[in-house]
Amino acid sequence: MPIIAKKHAEDYKDSRLYRVRHSSAHLMAEAVQALFPGTRLAFGPPIEDGFYYDFDTPRKFSEEDLSAIEEKMRELSKKAAQFVCEPISKADALKLFSDLGEKLKAEHVETLPDGAITLYRDGDFVDLCAGPHVDNTGELKHFKLMHVSGAYWRGDEKREQLQRIYGTAWESKDELKAYLTRIEEAKKRDHRSLGKELSLFEFPELAGPGLPFYLPKGAIILQELKNWMWQLHMDGSYGHPDKVYDPLSTPHILKTDAWHTSGHLKNYRDNMFMVYSLDEFESGMLGHHKPAAQGHGHSHAHHTGCADPGPVAPLADGSIISSAGVTAGDSSGEAGPAGRNAGAGAGNGAAVADENEGIGNYGLKPMNCPGHVMLYKVGTKSYRDLPARLFEFGTVYRYERAGVLHGMLRVRSFTQDDAHLFVTPEQYPAEIEGVFDFCCHVLDTFGFDYHVALKTRNPEKSIGSDEVWAMAEDGLRKVLEKRCPGKYYVEEGDAAFYGPKIDFIIKDSLGRSWQGSTIQLDFNLPERFEAEYTGSDGDKHRPVMLHRAILGSFERFFGLLIEEFGGAFPLWLAPEQVRILPITDLQLPYAQQLAQQMAHMRYNTNNGVVRVCVDDSSEKLGKKIREGKTQKVPYLIVVGAAEAEQGTITVESYHEGKLSDITTLDQLAHRLRDEIHHKVARRKA
RNA sequence: GCCGACGUAGCUCAGGGGUAGAGCAGCUGAUUCGUAAUCAGCUGGUCGGCGGUUCAAAUCCGCCCGUCGGCUCCA
């Protein structure tokens with residue numbers, strides 16, 4: 001199972017390479033201060049493949065500046081100044097950096113314990129630093145400044161905006177060169193350029209940023225993925241041998257009240273698109289701003305006040321609304337009219353109205369869970385019905401900030417292979433294991449490398465009690481300890497607002513991390529929506545809910561697939577699987593006849609047919625081969641006079657070149673069926 | 001959202017105050033060819049949008065939109 005084990009950060013930190021990069025950061029800072037006096041320093045750590053340094057300066061570093069800085073670094077390196085470590089008291093350090101005008105360094109000193117503070121000097125340059133470094137700056141030769149970007153002091157967007165310069169540094173010239181070549185190669189696998197070159201998808205500017213459109217070839221791949229996932233869910237062969245999933249399909253918009261009940265309106269607000277009809281808008285039926293009643297203010301009061309699902313809030317008109325949006329006494333489960341009417345009605349001004357003020361009467365769904373809980377609640381459920389596994393290819397919409405969109409990997413509209421599993425408290429450990437195995441099976445089908453992370457509660461942004469969270473986190477941790485002990489990461493505070501999760505993380509060609517599969521354990525939404533089942537004791541109980549997506553989203557997974565395979569998809573996904581190349585027009589009829597035969601071949605029980613085309617352009621064979629290879633068509637069939645006469649074919653494979661052992665359509669069909677059936681995932685050597 | 005860069009034909013890009021360029025793609029014609037680009041002709045652009053400066057703006061300035069690299073956020 002190619003789960004990438006937790007990297008031993010310690011190994012890297014102890015390496016000479018790490019010191020080279022750390023020292024390079026110092027050298028760069030020295031060069032920057034030499035060239036641009038008055039530039040103040042922030043942090044400058046080594047990172048994967050290099051280092052950066054953050055500078056506090058009104059100057060905007062340009063590309064030309066980078067060359068000048070690099071030049072200066074080389075000049076300084078020639079002096080081979082010794083790196084000298086110098087312990088310093090907190091008071092002296094504070095004075096030193098204050099005198100130097102290094103405001104941020106001084107601020108950082110404040111956070112350090114006295115007695116453990118050191119400076120590092122090289123030549124005239126001094127920096128607050130724990131080290132270690134290389135012996136002298138003369139050892140720093142193989143570096144290159146890569147790019148400049150913005151950054152915030154301490155990563156806080158409310159603090160100083162800094163200028164960050166990224167560099168790379170290596171121990172040898174060859175390693176540097178190899179790294180730069182690797183970056184160039186990786187750029188060729190960028191799914192955004194391949195998406196264009198292979199006509200897979202488009203982001204029409206008129207439609208809006210982050211809204212992906214699938215072109216025919218992309219749509220074929222999307223549908224193949226959907227067919228596969230449908231099959232895996234319906235035949236129950238992975239993870240849950242006892243019982244299959246039940247498919248659902250739910251609307252894309254839900255009443256604002258539903259999002260109030262689920263807590264999204266509080267905790268997921270920044271990412272939601274709200275909608276309304278023009279009729280409602282023009283007739284003033286939207287929630288209006290009212291002065292907050294009973295001390296119900298904005299923001300902070302909300303955060304704390306409404307993080308708790310339990311309590312009820314009195315309305316001004318005397319009725320009671322639970323924070324689940326249901327009028328007390330009404331246990332029908334229908335979200336009450338509170339959200340909509342409270343704002344428009346006379347005299348209301350309580351929590352719900354305030355929260356809905358001026359926003360649409362409907363919300364475009366950013367998640368599928370509320371819809372799924374609503375369907376779980378249709379009819380009554382007994383313990384015999386559990387686990388209930390409800391799944392949907394659910395399309396969701398999230399308002400992502402403009403700067404974070406990234407091709408197919410971060411979009412505003414995407415479809416999740418989403419499911420919500422309703423289980424008893426006894427069932428959830430085994431259930432999580434089943435899902436975990438399902439995720440591994442899917443990722444392993446493509447041979448992805450991935451790592452696994454447990455993401456725990458963020459107290460600032462979550463609903464539910466401490467006990468319930470502790471229980472949920474413990475449940476997930478136990479599964480990880482069983483399935484991949486010592487190999488998983490723990491990321492504190494990165495949970496969903498309703499529960500902790502296990503995420504599967506895949507890297508793109510340039511090494512950026514993206515969350516794919518996710519398994520989330522949730523004791524809170526069943527409570528909020530009052531989902532229940534009848535136990536063997538005849539009493540009502542609360543089910544536990546698992547949110548999970550295996551691919552994550554089709555869009556992101558598609559993007560990652562493109563990068564993983566450099567656009568040369570496994571045969572079963574390839575939009576054009578076979579292209580027939582007649583050498584001259586005389587073989588065109590034969591080529592078309594072959595295409596006809598192939599197009600009717602079933603390659604699996606799912607009625608799939610081979611996707612085949614004929615290149616009928618009046619080009620020479622060399623050009624046709626080139627076109628076929630450029631479009632990464634897995635198999636090219638060449639037919640000339642000899643083949644037409646003997647009824648044979650000559651086959652060229654994208655990965656393996658000419659296949660001399662295949663001379664007939666039957667032989668090729670056999671190979672294709674096998675390759676498709678086993679979902680063979682070849683990579684270019 | 002923030003910092004910076006960029007936006008010229010379907011694609012990749014050159015040009016940089018004085019009549020808009022190339023290659024590929026597309027179309028037409030010729031060629032009928034054996035493993036990564038056959039030849040010729042033609043078509044194609046309000047130079048992302050709006051405003052400003054100027055006798056004159058693709059070019060300079062401002063705002064907006066979009067993209068790219070990061071930051072912050074985040075599945």
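Quick note on labels: first sequence line is chain A, next is B, and so on, each numbered from 1. Computed over heavy atoms, backbone and side chain alike; hydrogens, waters and symmetry mates excluded.
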Enquirer: Could you tell me how far apart A/K624 (NZ) and B/rU38 (C1') are, to the nearest whole angstrom?
Expert: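 Distance check: A/K624 NZ to B/rU38 C1' gives 13 Å.
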Enquirer: May I ask you to decide whether A/E107 forms a salt bridge with A/R40, counting only side-chain N to carboxylate O separations under 4.0 Å?
Expert: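 No, A/E107 and A/R40 are not salt-bridged.
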Enquirer: Counting distance alone, no hydrogens or angles: does the base of B/rC74 have a donor or acceptor under 3.5 Å from a partner atom on the side chain of A/R410?
Expert: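 Yes, the side chain and the base share a sub-3.5 Å donor-acceptor pair.
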Enquirer: What pairs of nitrogen or oxygen atoms, one from the protein and one from nucleotides 27-31 of chain B, lie under 3.5 Å apart?
Expert:
{"from": "B/rU31", "atom 1": "O4", "to": "A/S618", "atom 2": "OG", "distance (Å)": "3.0"}

Enquirer: Can you check salt bridge (Lys or Arg N to Asp or Glu O under 4.0 Å) on A/E563 and A/K507, steps first, answer last?
Expert: CA-CA 9 Å; A/E563 307 218 347; A/K507 289 190 173 181; over 6 Å; no
Enquirer: Partner lookup for B/rG34, please. Criteria are Watson-Crick or G-U wobble with both distances under 3.5 angstrom; report none if nothing qualifies.
Expert: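 Paired with B/rG34, as far as the under-3.5 Å criterion goes, is no nucleotide at all.
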Enquirer: Which nucleotide, if any, forms a Watson-Crick or G-U wobble pair with B/rG21, using both distances under 3.5 Å?
Expert: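 Pairing partner: B/rC13.
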Enquirer: Are A/R182 and A/D49 close enough for a salt bridge, meaning some N to O gap below 4.0 Å?
Expert: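 Salt bridge: yes.
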Enquirer: Considering only heavy atoms from C-beta outward, does the side chain of A/I649 approach that of A/V639 to under 4.5 Å?
Expert: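 With C-beta onward as the side chain, the pair touches.
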Enquirer: Between atom CG in A/L405 and atom P in B/rG70, what is the gap in whole Å?
Expert: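 Answer to the nearest Å: 14 Å.
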Enquirer: What about A/Y152: does its side chain form a donor-acceptor pair under 3.5 Å with the base of B/rG70?
Expert: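 No.
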Enquirer: Could you let me know what B/rC63 is paired to, Watson-Crick or G-U wobble, both distances under 3.5 Å, or none if it's on its own?
Expert: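 By the stated definition (distances under 3.5 Å), B/rG49 pairs with B/rC63.
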Enquirer: On RNA chain B, check which nucleotide each of A/K60 and A/L409 is closest to and give me the residue with the more 5' one.
Expert: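 Nearest nucleotide further toward 5': that of A/K60.
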Enquirer: With rounding to the nearest 0.5 Å, note down the distance linking CZ in A/F557 to CD in A/E564.
Expert: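 Result: 9.0 Å between the selected atoms.
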Enquirer: Salt bridge (Lys or Arg N to Asp or Glu O under 4.0 Å) for A/K624 and A/E627? Distances and angles first, verdict last.
Expert: CA-CA 5 Å; A/K624 293 184 181 183; A/E627 280 298 303; over 6 Å; no
Enquirer: Determine which nucleotide pairs with B/rG69, using a 3.5 Å limit on both distances of a Watson-Crick or G-U wobble pair.
Expert: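 Paired with B/rG69, as far as the under-3.5 Å criterion goes, is B/rC3.
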Enquirer: Would A/R682 and A/E656 pass as an ion pair if we require N to O under 4.0 Å?
Expert: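 Between A/E656 and A/R682 there is a salt bridge, with a charged N closer than 4.0 Å to a carboxylate O.
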Enquirer: State the pairing partner of B/rU54; accept Watson-Crick or G-U wobble contacts with both distances under 3.5 Å, and report none otherwise.
Expert: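 Per the H-bond distance test, none.
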Enquirer: Let me know, please, whether A/Q515 or A/S149 comes out on the 5' side of the other along RNA chain B by nearest nucleotide.
Expert: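 That would be A/S149.
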Enquirer: If you only use heavy atoms from C-beta on, which nucleotide in B/rG69, B/rG66, B/rG1 is closest to the side chain of A/R192?
Expert: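 The answer is B/rG69.
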Enquirer: Between B/rC11, B/rG66, B/rG34, which nucleotide gets closest to the side-chain atoms of A/A641?
Expert: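 In terms of side-chain proximity for A/A641, the closest of B/rC11, B/rG66, B/rG34 is B/rG34.
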Enquirer: Give the rounded distance in Å between these two atoms: CZ of A/R512 and C1' of B/rU72.
Expert: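 Rounded to the whole Å, the gap is 16 Å.
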Enquirer: Once you apply the 3.5 Å cut-off to both distances, tell me the Watson-Crick or G-U wobble partner of B/rC27, or none.
Expert: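 Partner of B/rC27: B/rG41.
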Enquirer: Which nucleotide in the set B/rU12, B/rC74, B/rC68 lies at the smallest distance from any side-chain heavy atom of A/K461?
Expert: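 My answer, after comparing the listed nucleotides, is B/rC74.
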Enquirer: Is A/E555 paired with A/R398 through a side-chain N to carboxylate O contact shorter than 4.0 Å?
Expert: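 No, this pair does not count.
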Enquirer: Base, sugar-phosphate, or nothing for A/G403, non-hydrogen atoms under 4.0 angstrom?
Expert: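 Base contact - A/G403 has a heavy atom under 4.0 Å of at least one base atom.
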Enquirer: Between A/E643 (CD) and B/rC33 (P), how many Å, whole number?
Expert: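 Atom CD in A/E643 sits about 14 Å away from atom P in B/rC33.
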Enquirer: What is the distance, rounded to the nearest whole Å, between atom CE of A/M146 and atom P of B/rC68?
Expert: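 Spelled out: CE on A/M146 to P on B/rC68 is 18 Å.
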Enquirer: Is a donor-acceptor contact shorter than 3.5 angstrom present between the side chain of A/R159 and the base of B/rC71?
Expert: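 Side chain to base: no pair below 3.5 Å.
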Enquirer: If we call it a pair only when both distances are under 3.5 Å in a Watson-Crick or G-U wobble match, what pairs with B/rC74?
Expert: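 With both distances under 3.5 Å required, B/rC74 matches none.
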Enquirer: In whole angstrom, what separates A/E652's CD from B/rU35's P?
Expert: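 Interatomic distance, CD of A/E652 to P of B/rU35: 11 Å.
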